[in-house]
Amino acid sequence: MSYNGGGVVAMKGKECVAIASDLRFGIQLQTIGLDFDKIFQAGPKLYVGFPGLATDTQTVHQRLKFRTNLYELRENRKVSPKVYASMVGNLLYEHRFGPYFVEPVVAGLDANNQPYICAFDLIGCANAPDDFVVAGTCEEQMYGMCESLWKPDLGPEELFEVISQALVNACDRDAISGWGARVYVIEKDKVTVRNVRTRMD
Amino acid sequence: MAVCGESGDTTQFSEYIAKNVHLYKMKNDYELSPRASANFTRRMLADSLRSRERYNVNLLMAGYDEVEKKAELYYMDYLASMMELPYCAHGYGSYFVLGCLDAYYKPDMSVANGYELLKRCIAEISKRFSINLPTFSVKLIDKDGIHDQEPIHARQLVI
């Protein structure tokens, strides 16, 4: 899991949710690319991040896209966050004895525009708390930052500030995460994507 | 496509990909774009990763997309992690060469300047890398196709 490095964090706010990831693509201690976003869009107000082994980030994203495409064709509706999270857990547990080395983080707004976040371990154990979730090589640093900065019922602008500070400062203390960050703030009528500067080392 | 890695795997895998890309053209009357070929290669490599025969190859794939009208370069390691990059390198030499490229690469370089930059990288390797690598072949890919360039000989470079 620490072969490529990286981190993803998601936080709940008041009728909004934010998810952020760093942008480094590296192989052990060598940095190869600076634009490797680990977050992908799964629905109009649903985003998922896959920190961990880069090849599995790409493979799991593609496998899940396949499953959600079939779901949307059969059911004729977009997948909701809870159902998507359940699909993620299912996919990961199918490979219980030969797992994908990713720890997904799901963030989205459900049909009533209520925030939903969920994190998984590499074999699909779901954890859907009321505050924030973190995953990646800098998760311990992120736990510390989130615990001190997060408050309930943050508005979109404040949530952006809080999640950016949490991710940036955690990545700055981890050698294999960082090289820039991308933050997605999902509100009921729009999604704002912003690039944030971290220590570029 | 440039391949390095386990002998045997390199030829087998690269020929397999090349022939499949060619088959697509024969079946569909138009060529796969570089992006599609790279993604196809990544899929083949990722599928082989968790099977009995794992191909141990590192690749660089370069192509010119006629629809988007731009050149693309894809880096793929042996675990099938893929990235589109302006410049990249595999192997121990990459530790020396990436520094050179970070300093001197410009996105709007001409072909001649690019060739000079390659020479600079090879000069760096001949000076600082312990393995002797005397000759490098160079290919240029642009909108008119693939062109063989003059090979670069390390002993002719000013070090």
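Nothing here was measured: the structure is a model prediction, and the numbers come from that model. So you know, we letter chains A, B, ... as the sequences are listed, proteins then strands, and number each from 1.
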Undergrad: Answer with side chain, backbone, both or neither: which region of Y87(B) has an atom nearer than 4.5 Å to a non-hydrogen atom of chain A?
TA: neither
Undergrad: Hey, which residues of residues 167-195 of chain A are touching chain B, say heavy atoms under 4.5 Å apart?
TA: none
Undergrad: For the CZ atom on R199(A), are there more than 12 heavy atoms of other groups (residues, nucleotides or ligands in this structure) within a distance under 6.0 Å?
TA: no
Undergrad: Looking at E66(B), I want to see if its CD is surrounded by more than 12 non-hydrogen atoms of other residues, nucleotides or ligands under 6.0 Å.
TA: no
Undergrad: Counting only heavy atoms not in I146(B), do more than 12 fall under 6.0 Å of its CD1?
TA: no
Undergrad: Listed by residue number, which members of residues 95-102 of chain A have a heavy atom under 4.5 Å from any heavy atom of chain B?
TA: G98(A), P99(A), Y100(A), F101(A)
Undergrad: Can you establish whether the number of heavy atoms outside Y93(A) located under 6.0 Å from its atom OH is more than 12?
TA: no
Undergrad: At a 4.5 Å cut-off on heavy atoms, which part of D102(B) comes close to chain A: side chain, backbone, both, or neither?
TA: neither
Undergrad: Considering only heavy atoms, give the residues of residues 20-38 of chain A separated from chain B by less than 4.5 Å, sorted numerically, with 'none' for an empty result.
TA: F25(A), I27(A), Q30(A), T31(A), I32(A), G33(A), D35(A), F36(A)
Undergrad: With a 4.5 angstrom heavy-atom cut-off, could you sort out which part of M82(B) is near chain A: side chain, backbone, both or neither?
TA: both
Undergrad: Using only non-hydrogen atoms and a strict under-4.5 angstrom cutoff, which residues of residues 52-90 of chain A touch chain B?
TA: L53(A), A54(A), T55(A), D56(A), Q58(A), T59(A), Q62(A), R63(A)
Undergrad: Please classify the contact between L45(B) and chain A as side chain, backbone, both or neither, with a heavy-atom cut-off of under 4.5 Å.
TA: neither
Undergrad: Which bit of L98(B) is near chain A, if near means a heavy-atom gap under 4.5 Å: side chain, backbone, both or neither?
TA: side chain
Undergrad: What do you reckon, is CD of E31(B) surrounded by more than 12 foreign heavy atoms closer than 6.0 Å?
TA: no
Undergrad: Above 12 or not: heavy atoms from other molecules or residues under 6.0 Å from CD of E124(B)?
TA: yes
Undergrad: I'd like to know whether NE2 of H22(B) has more than 12 heavy-atom contacts from other residues, nucleotides or ligands below 6.0 angstrom.
TA: no
Undergrad: Do other residues, nucleotides or ligands put more than 12 heavy atoms under 6.0 Å from the CZ atom of R35(B)?
TA: no
